[in-house]
There are 2 protein chains.
Amino acid sequence: MINQNIKIAVDAIVFGYEKGTLYVLAIQQRFGKLADSWVLPGGFILDDEPLINAVERELKEEAGIAVNYLEQLGTFGDDVNRDDRFRVISVAYFALVNPKNFVLKADTDAKDAKWFPINEIPKLGFDHDDMVKLAHQRLKSKLTYQPIGFDLLDAEFLFSDLENLYCTILEQDIDRRNFRKKILSFGIVKETNKVVKIGASGRPGKLFSFDKHKYNQLLKENFQFDIRFA
Amino acid sequence: MINQNIKIAVDAIVFGYEKGTLYVLAIQQRFGKLADSWVLPGGFILDDEPLINAVERELKEEAGIAVNYLEQLGTFGDDVNRDDRFRVISVAYFALVNPKNFVLKADTDAKDAKWFPINEIPKLGFDHDDMVKLAHQRLKSKLTYQPIGFDLLDAEFLFSDLENLYCTILEQDIDRRNFRKKILSFGIVKETNKVVKIGASGRPGKLFSFDKHKYNQLLKENFQFDIRFA
DNA sequence: TTACTTTGTGTTGATTTTACACAAATAGAG
DNA sequence: CTCTATTTGTGTAAAATCAACACAAAGTAA
């Protein structure tokens, strides 16, 4: 029978968005060679544990969160020495969450758990910088062809929130009128009849919500979400 | 230290295209419980072997081919019993090759290696049917936003070849004039000055070739390959 | 009441996409 | 040799989409 001496881990790149800033969740290690340094949440999987469960478990354990969106990003196993203790192959996951929904709480294993603005992430251990980079690209491109932005927002949001999210993450200006027109033309964002005022001044705005059911229906009819701007 | 009892394998979904048919490479097993049944090329990785090398090695060993295009597809590790001998997590790769470039030759491990038209693939072992399905989706969508079709064709091809490839794989009709116009507008397909006649009748056509260098240049200038039709 | 901020809305010109047909070059049949 | 069948090569016009752009309405703070 085959003999292998390789361990398998999962890691997660969790994105959060709040008030014009994109954040990534990192964990400060308590033990081991990398004690005190920051890494992505993750860890070894159990023998009888599906990969996806392992990620969800680690996120719960290390930071106390449950994400809105989770998908496999890619598997890092070309650099045989990415972990210098022994060979570890890591399956990286891409996740989205609304930071407001949770208070981060570091587990026993972790010294701390913290949101870092994407441009102020400290040097991470292992090859986790590469993972973040890849995940960031995925986020940017996916935002244009799948309605995943809503997983970063409250269930009900102002149109300006959605617009700012796109501006922030895609790092480009967007024409407010054209953006609203296009999003509404899809018919997957519904206007509630609530009107709220958030900031200190300015005209109150209507709240909107993402109609997931409608979106799923449209998918069956070959609908293609697609939002890009000059 | 962590103890795990999980093995890691790689598998490849290799697509080939010839004369209006899309093919997938499968291997007939010689040994083991699944002897005689068909599976995707692949196998266990070595302790000091990068994942990508493992795939290339297996493709060489089991079928005698080297592919034109290779990328990670995804990792299958949620079904703990996908292999009923013991737990195996498999990293699946997506590959493209021009079948003309190789004569398949089954290795010692394999009883046979064969191209199956995508619609006539026998029931494959393990969860390899799922892998093929996922890879097929990836192929279809990727064809529309990356110029990977060329990796399935000869270096020099008739415009009708390219067009038929798109029709075949995307399973839709394409307007010949609009297709040619759009492809040529990108400037990544160059017309050679060779004129050939392939079939038994009809006007001879010019040969074209994909200008990879030009494509890479354009990528730096934010060029986005994109070809879709009603 | 005035200044400031944010929401909400429509039109026009430019660009892109779609639909569509016939002539040129060749092979094969008669 | 001529007629038919087959494949390549090419342009235009209508329709749809995209891009650019400005001002009124509803609120707060001074």
Side-chain angles (χ1 to χ4, degrees), chain A residues 18-20 143-145 153-154 156-168 170 172-209 218 222-230, chain B residues 18-20 143-145 153-154 156-168 170 172-209 218 222-230:
Chain A
E18 207 164 13
K19 292 184 199 125
L143 207 54
T144 68
Y145 66 88
L153 293 176
D154 293 340
E156 301 192 323
F157 50 86
L158 293 172
F159 229 100
S160 54
D161 292 334
L162 187 61
E163 187 203 319
N164 288 330
L165 184 147
Y166 271 84
C167 291
T168 302
L170 298 182
Q172 65 176 294
D173 290 340
I174 293 180
D175 180 282
R176 262 172 65 228
R177 273 181 288 193
N178 292 340
F179 180 78
R180 175 187 273 246
K181 216 182 311 175
K182 190 151 180 182
I183 292 279
L184 289 178
S185 76
F186 296 147
I188 58 176
V189 167
K190 281 197 309 201
E191 158 176 339
T192 70
N193 41 21
K194 299 174 201 162
V195 173
V196 297
K197 205 197 54 52
I198 304 280
S201 75
R203 171 174 173 175
K206 289 201 199 101
L207 287 176
F208 292 80
S209 70
L218 287 173
N222 258 351
F223 167 71
Q224 178 60 45
F225 181 86
D226 188 30
I227 186 144
R228 267 176 272 193
F229 289 101
Chain B
E18 208 165 10
K19 292 185 198 122
L143 208 54
T144 68
Y145 66 88
L153 293 176
D154 294 340
E156 301 192 324
F157 50 85
L158 294 171
F159 229 100
S160 54
D161 292 334
L162 186 61
E163 187 201 319
N164 288 331
L165 183 146
Y166 271 84
C167 290
T168 301
L170 299 181
Q172 65 176 292
D173 290 341
I174 293 180
D175 180 283
R176 264 172 62 229
R177 272 180 289 190
N178 292 339
F179 180 78
R180 175 187 273 246
K181 216 183 312 177
K182 190 150 180 181
I183 293 278
L184 288 179
S185 76
F186 295 148
I188 59 176
V189 167
K190 280 197 312 202
E191 158 176 341
T192 68
N193 41 22
K194 299 174 200 160
V195 174
V196 296
K197 206 196 55 50
I198 304 280
S201 76
R203 173 175 171 174
K206 288 200 198 101
L207 287 176
F208 292 81
S209 70
L218 287 174
N222 258 348
F223 167 72
Q224 178 59 45
F225 181 85
D226 188 30
I227 187 142
R228 267 176 272 193
F229 289 101

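These numbers were taken from a predicted model, which means no experiment stands behind them. Labels below follow one simple rule: chain letters A, B, ... track the order of the sequence lines, proteins then strands, and each chain is numbered from 1.
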With F157(B) via ring-ring contact (aromatic ring centres under 6.0 Å, His included) - residues at least two apart: F150(B)

Taking atom CZ of F179(A) and atom SG of C167(A), what is their separation to the nearest 0.5 Å? 7.5 Å

Residues from residues 156-164 of chain A lying under 4.0 Å of DNA chain C - heavy atoms: S160(A)

Taking side chain to side chain contact (heavy atoms under 4.5 Å, CB included) as the test, write out the residues that go with K190(A), two or more places apart. S209(A), D211(A)

Output one letter per nucleotide in nucleotides 24-30 of chain D: B when a protein non-hydrogen atom lies under 4.0 Å from the base, S when only the sugar-phosphate is that close, - when neither is. -BBBS--

With sequence neighbours excluded, give me every side chain to side chain donor-acceptor pair (under 3.5 Å) pair touching residues 192-202 of chain A. E156(A)-K194(A)

Who pairs with T144(B) by side chain to side chain contact (heavy atoms under 4.5 Å, CB included), at least two apart in sequence or on another chain? L170(B), R228(B)

I need the N178(B) CG to E163(B) CD distance, nearest 0.5 Å. 10.5 Å

Paired with L207(A), the side chain to side chain contact (heavy atoms under 4.5 Å, CB included) test is passed by just one of D161(A), L158(A), V195(A), namely L158(A)

What integer distance in Å separates R177(B):CZ from dT12(D):P? 11 Å

Euclidean distance, L143(A) CG relative to I227(A) CD1, rounded to 0.5 Å: 8.5 Å

Polar atom pairs between nucleotides 14-19 of chain D and protein, under 3.5 Å, N or O only, would you list them?
none

Quick check on DNA chain C: between L207(A) and D175(B), whose nearest nucleotide comes earlier from the 5' end? L207(A)

Contiguous Watson-Crick or G-U pair runs (3 or more, under 3.5 Å) in DNA chain C: C:1-30 with D:1-30

Between CZ on residue F159(A) and NZ on residue K206(A), distance to nearest 0.5 Å: 11.0 Å

Taking 5' to 3' order, which nucleotide of DNA chain C is first and which is last to have an atom within less than 4.0 Å of a heavy atom in chain B? dT17(C) to dA27(C)

Please name all residues satisfying salt bridge (charged side-chain N to carboxylate O under 4.0 Å, His left out) with K182(A), sequence neighbours left out, ordered by chain then number. none

List the steps and the verdict of side chain to side chain contact (heavy atoms under 4.5 Å, CB included) for L162(A) and N164(A). CA-CA 5 Å; L162(A) 187 61; N164(A) 288 330; over 6 Å; no

Suppose we screen for ring-ring contact (aromatic ring centres under 6.0 Å, His included). Which residues come up paired with F186(A), at least two apart in sequence or across chains? F223(A), F225(A)

To the nearest 0.5 Å, tell me how far E18(A) CD sits from T168(A) OG1. 12.0 Å

Tabulate atom names and distances for all N/O pairs under 3.5 angstrom spanning the protein and nucleotides 2-4 of chain D.
none

